[in-house]
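Chain naming here is simple, since letters A, B, ... match the order of the sequence lines and numbering starts at 1 in each. Values below: all heavy atoms of this structure, side chains included; hydrogens, waters and symmetry mates excluded.
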2 protein chains.
Amino acid sequence: MDTCKHHRSEPAPRKERLSQALEVLKARGLRITRPRRALLDALLDSPTPRSAEELREDIGEGEDLVTVYRNLDAFERAGLVLRAHAENGKALFHLSSDHRHYHLVICRVCHEAKIIEDCDGDRFERLARDQGYSDVTHTLELHGVCAKCGDKRV
Amino acid sequence: MDTCKHHRSEPAPRKERLSQALEVLKARGLRITRPRRALLDALLDSPTPRSAEELREDIGEGEDLVTVYRNLDAFERAGLVLRAHAENGKALFHLSSDHRHYHLVICRVCHEAKIIEDCDGDRFERLARDQGYSDVTHTLELHGVCAKCGDKRV
DNA sequence: TTGAGTGCAAAGCTTTTGCAGTTTC
DNA sequence: GAAACTGCAAAAGCTTTGCACTCAA
């Protein structure tokens with residue numbers, strides 16, 4: 001699993017990714033509700049990982065934060081969403097269909113996350129499996145100060 | 001910076017690492033107090049990264065958790081301590097002198113962290129710098145289910 | 001001596017849980 | 001119609017802040 005075949009290939013069109021996601025939900029017996037559609041839209045439209053709070057803002061319209069959390073959990077269990085952590089401890093979410101061996105750089109100052117395409121984690125996962133771990137996934141988190149914040153600090 | 005020269009070399013003896021740490025504290029004008037000595041001891045004795053709560057337990061003797069947090073912050077600012085995050089969002093701390101290009105595998109079930117020695121992060125850090133980030137560090141977090149917990153689940 | 005550090009209480013945030021009411025299948 | 005999902009309120013963590021007291025330098 002988790003080969004490099006998708007590396008550098010074009011991302012699937014939004015429409016296709018959406019129906020793929022809906023497919024997964026149906027297959028899991030998860031219902032397709034208005035809040036879930038909205039969350040899915042927000043995730044599809046977000047170029048970078050977002051916190052639960054940010055996703056709720058993206059959705060707008062007084063959406064309930066608790067529901068966002070519960071649906072992110074559901075999506076994560078369904079394998080649709082992956083979760084990373086900013087240095088401030090907050091969880092960041094993004095669609096797993098976006099996860100083609102890239103990694104995150106998270107700014108220490110503004111905590112915005114950016115994606116760096118890459119392809120190397122397999123090796124680390126193998127190392128962990130060699131140590132007796134199962135179900136291994138990896139998250140490489142790079143922390144730094146982004147250009148924008150670096151300029152402000154001078 | 002951050003070359004591979006220490007990779008696979010033996011760790012410095014505990015005594016030396018302690019006096020080195022105390023040196024750094026003095027150099028920063030940080031005072032050496034009983035709680036700080038105790039925390040340093042706990043960190044030196046811990047083979048894997050620990051949460052603030054765990055460190056307080058290690059110290060025992062009704063040590064104050066707030067003080068542990070404040071001193072971990074101080075140590076982090078002094079560059080003595082590094083912080084990672086378990087999948088449950090909790091912060092894990094370890095001495096930066098332990099950080100010789102290894103990475104963590106964190107169990108999804110018991111959240112215990114284990115170290116996997118390795119040497120590859122430099123490349124990722126360079127990638128981030130190429131994107132305009134400064135002060136870049138990396139944390140590769142591997143998540144899986146450890147052998148112990150895997151057995152229990154069957 | 002004096003300012004850094006401590007310890008207690010209280011607050012702050014993100015995330016989770018409970019439950020009655022609503023909606024999807 | 002039944003089970004899943006939502007929305008509100010309330011609770012549960014982890015971590016931070018405020019403040020008077022103590023202690024290292």
Could you tell me how far apart [X] ([atom1]) and [N] ([atom2]) are, to the nearest whole angstrom?
{"X": "R56(A)", "N": "dT16(C)", "atom1": "CZ", "atom2": "C1'", "result": "16 Å"}
{"X": "E54(B)", "N": "dC14(D)", "atom1": "CD", "atom2": "P", "result": "10 Å"}
{"X": "L55(B)", "N": "dT15(D)", "atom1": "CG", "atom2": "P", "result": "11 Å"}
{"X": "R37(B)", "N": "dC23(D)", "atom1": "CZ", "atom2": "P", "result": "18 Å"}
{"X": "L65(B)", "N": "dT15(D)", "atom1": "CG", "atom2": "P", "result": "8 Å"}
{"X": "L92(A)", "N": "dT15(C)", "atom1": "CG", "atom2": "C1'", "result": "14 Å"}
{"X": "E76(B)", "N": "dT15(D)", "atom1": "CD", "atom2": "P", "result": "12 Å"}
{"X": "L72(A)", "N": "dC5(D)", "atom1": "CG", "atom2": "P", "result": "14 Å"}

Inset, instruction - Apply side-chain contact (heavy atoms from CB on, under 4.5 Å) to the pair H94(A) and R50(A), showing each step before the final yes or no. - result: CA-CA 7 Å; H94(A) 60 102; R50(A) 315 277 281 158; over 6 Å; no
Without swapping roles, check the side chain of [X] against the backbone of [Y] for a donor-acceptor pair under 3.5 Å.
{"X": "E54(B)", "Y": "S51(B)", "result": "yes"}
{"X": "R28(A)", "Y": "R77(A)", "result": "yes"}
{"X": "S46(A)", "Y": "L43(A)", "result": "no"}
{"X": "S96(A)", "Y": "L80(A)", "result": "yes"}

Considering all heavy atoms of both residues, which atom of [X] and which atom of [Y] are nearest to each other, and what is their separation?
{"X": "E63(B)", "Y": "R34(B)", "answer": "OE1-NH1, 3.2 Å"}
{"X": "V68(A)", "Y": "L39(A)", "answer": "O-CD2, 4.1 Å"}
{"X": "R56(A)", "Y": "D64(A)", "answer": "CD-C, 4.3 Å"}
{"X": "I32(A)", "Y": "R37(A)", "answer": "CG2-CG, 4.0 Å"}

Inset, instruction - Just call it for A91(B): base, sugar-phosphate, or nothing, with non-hydrogen atoms closer than 4.0 Å on any strand. - result: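 Result for A91(B) = sugar-phosphate.
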Legend entry - Heavy-atom side-chain contact between F75(B) and L25(B) under 4.5 Å: yes
Legend entry - Base versus backbone protein contacts along nucleotides 6-12 of chain C [heavy-atom cut-off under 4.0 Å; B, S, -]: BBBB---
Legend entry - Strand-adjacent residues in residues 22-32 of chain B, judged by heavy atoms under 4.0 Å from DNA chain D: R31(B), I32(B)
Inset, instruction - Could you please spell out the steps behind the side-chain contact (heavy atoms from CB on, under 4.5 Å) verdict for R83(A) and L92(A)? - result: CA-CA 5 Å; R83(A) 170 189 318 235; L92(A) 301 176; over 6 Å; no
Legend entry - Rounded (10°) bend between the five-pair end axes of the helix from dT1(C)-dA25(D) to dC25(C)-dG1(D): 40°
Legend entry - Among dT15(D), dT16(D), dT15(C), the one nearest D73(B) by side-chain distance: dT16(D)
